[in-house]
**Q** 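Mind having a look at this structure? Questions to follow.
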Amino acid sequence: MSNRIESLQKEILEKKFKKRIHAGYDPLDVDEFFDKVISYLSELNNHANDIFKQYKDAQEEIQNLKQELAKKEEFIKVLNEEINDYKKNGYTSVRINSKLNSLKEMIEKSNNKKD
């Protein structure tokens with residue numbers, strides 16, 4: 001998009017009008033107007049570039065969050081397998097809860113280190 005705007009800005013800057021002897025537009029007024037148009041196009045171009053950068057940053061953040069979610073889902077799967085193993089090996093719910101609390105503490109400590 002910025003190439004189109006830059007091209008238009010260049011075209012406006014380089015545009016030459018034929019001069020007439022009789023009534024016509026004041027060349028200084030025309031130049032002043034086009035200077036305003038070029039300035040506005042430049043602002044639009046900068047704004048578009050900012051938005052595109054924000055979009056790319058957001059896409060990267062989404063990808064990072066998806067990876068983090070996948071890791072946490074895998075961790076939950078491992079924990080559920082451990083719970084099932086504990087149940088198969090005769091662990092009581094008290095022992096399982098104790099182990100879960102200890103695992104929760106490990107997770108909280110891990111999350112706090114990331115912050």
**Q** Quick one: does L100's side chain get under 4.5 Å of I83's, heavy atoms only?
**A** yes
**Q** Got a second to check how far I5's CD1 is from I38's CD1, nearest 0.5 Å?
**A** 12.5 Å
**Q** Within the distance-only criterion (no hydrogens, no angle test), does the side chain of N89 pair as donor or acceptor with the backbone N or O of D85 below 3.5 angstrom?
**A** yes
**Q** So how far is it from L69 CG to Q67 CD, rounded to the nearest 0.5 Å?
**A** 11.0 Å
**Q** Can you find a heavy atom in the side chain of I107 that is under 4.5 Å from one in the side chain of F75?
**A** yes
**Q** Measure the spacing between CG of N49 and CD of Q54 and express it to the nearest 0.5 Å.
**A** 11.5 Å
**Q** Applying salt bridge (Lys or Arg N to Asp or Glu O under 4.0 Å), can you list everything that pairs with D57, at least two apart in sequence or on another chain?
**A** K53
**Q** Measuring from atom CZ of F34 to atom CD of E14, what distance do you get when rounded to the nearest 0.5 angstrom?
**A** 13.0 Å
**Q** Would you mind reporting whether E74 and K71 have side-chain heavy atoms less than 4.5 Å apart?
**A** no
**Q** With a 4.5 Å cut-off on side-chain heavy atoms, are Q9 and V37 touching?
**A** no
**Q** Side chains of S39 and D35: closer than 4.5 Å at any heavy-atom pair?
**A** no
**Q** Hey, what do you get for CG (L41) to CD (E6), rounding to the nearest 0.5 Å?
**A** 11.0 Å
**Q** Do I12 and L8 touch side chain to side chain, with heavy atoms closer than 4.5 Å?
**A** yes
**Q** Rounded to the nearest 0.5 Å, what separates atom CD in E81 from atom CD1 in I76?
**A** 12.5 Å
